[in-house]
Every structure is written in C-alpha cells, then in structure tokens.
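The structure appears below as structure tokens.
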Amino acid sequence: MNVAVSRSGTDHGLVDLAVIGGGINGAGIARDAAGRGLKVLLCEKDDFAEGTSSRSGKLIHGGLRYLEYYEFRLVREALIEREVLLASAPHIIWPMRFVLPHSPEQRPAWLVRTGLFLYDHLGGRKQLPASRSVDLAHEPEGAPLRPEFRRGFEYSDCWVDDARLVILNLVDAARKGAIILPRTRAMSARREGDCWRLEMRSETGELCTVRAKALVNAAGPWVQDVVQGVAGLNSAHSVRLVKGSHLVVPKFWSGSQAYLLQNTDRRVIFVNPYETDLALIGTTDIVHDGRAEDVAIEGGEIDYLLAVLDRYFRAAPGKADIVHAFSGVRPLYDDNADNPSAVTRDYVFEVHGTAEQPPLLSIFGGKITTFRKLAEHAMDRLALWFPQMAPAWTAGACLPGGDLGAPFTQFLAELGADYPLLPPETVAHYARLYGSCARELLGAARRTDDLGRHFGGTFYERELAYLREREWAVTAADVLDRRTKHGLHLTRAQREAFEHQL
C-alpha cells in the first residue's frame with residue numbers, strides 16, 4: 001500500500017474530494033468515494049481515531065434505549081446496518097448477548113417486552129437470535145446478580161473494535177487510491193474558481209496543499225472549527241459535546257454474556273466482556289462545556305458507575321480494581337434536548353455551495369453503527385457535483401481481513417493449523433485483529449523466534465513492523481492503545497521499555 005507523506009511545499013494536485021477528519025465518518029466517506037472512482041485525499045490533525053472513534057462503548061447496536069425517544073428511523077437504520085457490518089468484518093465485529101435484569105422501579109416489564117419486540121423486528125433481523133425472557137433466579141446468567149433481581153430479558157447486539165474499524169476503512173480507501181495523511185492539520189480552505197484550495201500543515205511544520213472539487217468536513221467535535229476557522233463560513237447548525245466515560249476492570253462473572261443495567265435516573269449502563277479477561281463499564285452522559293481535547297473522567301463519574309454495579313451485582317468491583325479508564329466526547333447534533341441522554345444520535349448534513357460552486361459538506365452528529373450509511377448519504381448529497389460517480393457499493397463488500405471464507409471459529413482453527421508452532425493465544429490475537437490479513441502479517445514465520453523481539457503478552461516485533469508499514473502507526477499509543485489493545489496487557493515496565501525503544 002502506498003502511503004503519501006507530506007513534505008515541505010508538497011502539492012497534491014487536483015482531487016475530486018478532500019476529507020477533513022480521520023474518525024469513523026471521515027474514514028467511511030473516503031473509502032466509499034474512492035470505491036466509486038473518485039480521487040480522494042483525507043487529512044487528520046492527530047492519529048486516526050484518536051478522538052471520539054476510539055473512545056466509544058465499542059458496540060454496533062440499534063440503540064434499544066433510543067426507542068423511548070421515538071427515534072424509530074434511526075433505530076431501524078442502525079439495526080439494518082448491524083447485520084451489514086457484521087457480515088463485512090466478522091473478525092472485529094461479533095455477536096454478543098445482553099442480559100437486562102428487570103428493575104420495576106425504572107420501567108415496567110410490559111414496556112421492556114414491547115421495546116424488545118420492536119428491536120427484534122424493526123431491522124429485519126436475520127443473523128442474530130431473538131430476545132427472550134430469563135429466569136434469573138435459576139438460570140446461570142442470574143448467578144452474579146443480587147437475589148432481588150429474579151427476572152430479566154436477554155437480547156442480541158454486536159461488539160466492535162472501534163479504532164480498528166476506522167483503520168480498516170482507511171486501509172481500504174488507500175488500496176483504492178486515496179491519499180491518506182495522518183497528523184496533518186487543515187489550516188485554511190478557500191474557493192478558487194471551481195475548486196477549493198486546501199492548505200494543510202503536518203505536526204513537523206511541513207506545508208502541503210491540494211485542490212479539491214469538493215470538501216467534506218468530518219471533524220467530529222471540531223466540525224464548527226472547520227466551518228468557521230478553516231473555511232471562513234457560517235453554520236446554521238451546531239453540535240453538543242456529551243462526555244461518555246468508561247471503566248475497565250477485571251471480569252467478575254462467568255459466561256460470555258454482557259449486562260445492561262437500568263439506573264434510578266433512567267440512564268442505562270453497559271457491562272461488557274472485554275479483552276478476554278476484562279470488563280468494560282459505561283457510559284456516562286454528561287454535557288461537556290470545555291475543549292474536546294481536555295476531556296477526562298472525573299471522580300464523580302467513577303463513583304456513579306461503581307454505585308450502579310454495586311446495586312446489581314453480589315461482588316461488584318471497587319476503585320482498587322480499576323485497570324484503566326477513558327473518556328470521549330460525542331459530537332451530537334444539537335436538537336435542544338434538556339437531557340444529554342435524550343440528545344439525538346442521528347446525523348445532519350449542511351452543504352455550503354451551489355451547483356456552480358465547489359461544495360463544503362459538513363457532518364453534525366452520528367454514531368459508529370451508522371457510519372457506512374452516513375457515508376452513502378453523504379455521497380448522495382454530493383452526486384450533483386459528481387454525475388459520473390459510480391453507484392453505492394459498500395453494502396456487500398468486506399473490509400480488509402473480513403473475507404474469512406468460513407465462520408470465525410472455523411477460520412481460527414484453520415489459521416492455528418497452518419501455524420501449529422505458534423502459541424494459540426498469539427494466533428487468536430492475529431485472527432481477531434487482522435482476519436484473513438493475518439497470513440499476510442505472518443508470512444513465512446512459523447515459530448515464535450520468527451516473530452522477532454517479544455514486548456510482552458502476545459506482542460512481537462513482527463506485528464509492530466506491520467502496523468508501521470501498513471497502518472500508519474508512529475507512537476506507542478498508536479500501537480498499544482488504538483491499533484491494538486496490547487497496552488492493557490503489558491506491565492508498566494514492559495510498556496516503558498517499548499516506549500523507550502520507539
């Protein structure tokens with residue numbers, strides 16, 4: 001894969017589409033547009049997925065709780081997309097069953113059953129099992145719960161490695177000819193005739209330019225900064241920054257099921273299996289009034305999440321059990337809702353430009369589950385300027401590594417048989433992160449010694465070289481926290497040794 005590198009004074013010439021923002025929406029649009037035959041450039045001021053798109057709840061879901069706010073169109077679209085994405089990337093997206101203990105103080109059982117019935121049928125569910133009632137007093141899913149929770153419900157959604165979803169979209173875009181520029185900030189954009197002239201600067205101070213027939217502003221929390229500060233335009237829309245914080249603790253129950261807990265303030269908290277032996281707990285929904293860059297979990301949020309766990313579980317974790325915590329800001333379209341949890345997760349486009357002018361399309365809102373459909377809709381809005389553009393194509397296309405040729409368990413067994421001298425946990429790691437591309441990563445390696453230096457856990461030098469060459473990884477955080485989750489499994493000394501080597 002050819003990766004364009006910005007140099008001082010580099011002129012990238014003329015492209016059809018320049019995308020500002022390397023989160024999930026920008027990556028999805030770059031891939032979609034490149035696959036339709038457009039010449040595409042994407043720039044991102046930081047690492048890819050460094051902001052919102054690596055700090056989500058890591059779910060591909062319809063949004064069960066959004067039914068309470070009558071978001072039927074959004075839920076239906078998300079449920080349909082859940083099936084599409086599961087088929088496109090079964091190595092980084094997989095089904096998960098969620099147990100919802102019934103708490104009559106929050107929502108009556110009939111309302112929960114009605115919501116689950118709609119959830120099962122709105123999106124034309126095909127691959128995932130239907131919801132069911134659960135006798136928590138006698139079935140194993142109830143064992144870790146306090147005895148007062150005797151009944152509940154179980155339903156299906158999907159897990160996703162969110163940061164890898166972004167990277168795989170960018171890898172596919174690059175394979176289709178897109179120019180991908182990490183750590184390259186959009187500085188100014190001005191119309192010059194029938195094109196935009198976009199000036200960008202890398203973090204080392206190198207300047208580069210491109211002329212583009214259209215601009216897409218997928219800057220997420222910084223969408224208004226791009227409209228006003230980069231393009232010098234005014235916007236009729238705005239985003240509300242809502243902070244979501246998560247805790248990572250050792251897994252404290254048996255089984256592969258996740259839990260969805262209703263709190264007394266009508267929020268819901270997910271408790272999900274994470275990285276085999278860990279649990280991911282979240283999220284909080286709090287209006288964030290500061291800079292998106294400054295978001296961080298607060299003590300009150302930690303207390304809040306732990307209190308919800310203690311209400312439901314017999315042996316809930318405490319502060320001393322926290323392995324990791326993170327916060328992200330969701331740039332939600334501002335619909336003036338009073339409750340942050342009620343702010344719509346739908347998305348809105350704003351287009352500056354007429355048929356005779358090069359357009360700027362800005363994206364307000366959205367959620368990770370609907371990124372692919374959002375990209376299709378964005379290209380529909382730009383079709384006026386690109387009448388020769390090929391039709392939509394991503395619905396039936398696998399992301400890199402997603403063409404397993406068999407169910408994941410069978411693929412994993414076949415990969416293990418091909419590399420019988422490698423540790424099974426290392427083979428499983430490669431299978432999950434890279435899918436069918438794992439063979440490309442491993443190449444002629446047959447023994448552990450062939451993988452190079454061992455950094456700890458399942459992390460070897462061969463994977464580091466692959467991430468640097470194929471996935472734009474530069475810093476330790478790029479590698480340990482976003483491209484992989486090795487950072488959760490290395491000791492402090494191992495991480496410091498790795499950072500020192502870089």
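The analysis underlying the following values was restricted to heavy atoms, covering all of them including side chains, and did not include hydrogens, waters or symmetry mates.
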**OP:** Please lay out, stage by stage, how D294 and R291 fare under the test salt bridge (Lys or Arg N to Asp or Glu O under 4.0 Å).
**Re:** CA-CA 5 Å; D294 298 333; R291 299 193 319 153; 3.0 Å; yes

Does a side-chain heavy-atom distance below 4.5 Å link [X] with [Y]?
X: I60; Y: L86; result: no
X: Y466; Y: L464; result: no
X: T426; Y: L451; result: yes
X: W393; Y: D32; result: yes
X: K251; Y: D277; result: no
X: I297; Y: I302; result: yes

Around atom [atom1] of [X], are there more than 12 heavy atoms of other residues, nucleotides or ligands at under 6.0 Å?
X: R462; atom1: CZ; answer: yes
X: R125; atom1: CZ; answer: yes
X: E425; atom1: CD; answer: yes

Original post:
Regarding K45 and the six-membered ring of W222, is the cationic atom NZ or CZ under 6.0 Å from the ring centre and inside 45° of its axis?
Top reply: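 Here K45 passes the 6.0 Å and 45° test against W222.
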
**OP:** Assess R492 against F498: is NZ or CZ under 6.0 Å from the centre of the six-membered ring, and within 45 degrees of the ring's axis?
**Re:** no

**OP:** Flag the pair F408 / W94 as yes when their ring centroid distance falls below 6.0 Å, and as no otherwise.
**Re:**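 Not close enough - the centres of the two rings lie 6.0 Å or further apart.
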
**OP:** Compute the centroid of each ring, for H246 and then for H324, and state whether the two points are separated by less than 6.0 Å.
**Re:**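 No.
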
Quick one: sort the [X] and [Y] rings into parallel, tilted or perpendicular, breaks at 30° and 60°.
X: W159; Y: Y274; answer: tilted
X: F270; Y: F98; answer: perpendicular
X: F252; Y: F313; answer: perpendicular
X: H454; Y: Y460; answer: parallel

Subject >> Under 3.5 Å: donor-acceptor pair, side chain of N217, backbone of V223 >> reply: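 Side chain of N217 to backbone of V223, a donor-acceptor pair under 3.5 Å: yes, one is there.
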
Subject >> E376: partners by salt bridge (Lys or Arg N to Asp or Glu O under 4.0 Å), with sequence neighbours left out >> reply: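 Only R372, K373 meet the salt bridge (Lys or Arg N to Asp or Glu O under 4.0 Å) criterion with E376.
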
Subject >> Verdict with supporting geometry, V216 and L17, side-chain contact (heavy atoms from CB on, under 4.5 Å) >> reply: CA-CA 7 Å; V216 168; L17 192 68; 3.7 Å; yes

Original post:
Is there a side-chain contact (heavy atoms from CB on, under 4.5 Å) between R432 and I92 once you walk through the steps?
Top reply: CA-CA 6 Å; R432 265 294 173 218; I92 63 164; over 6 Å; no

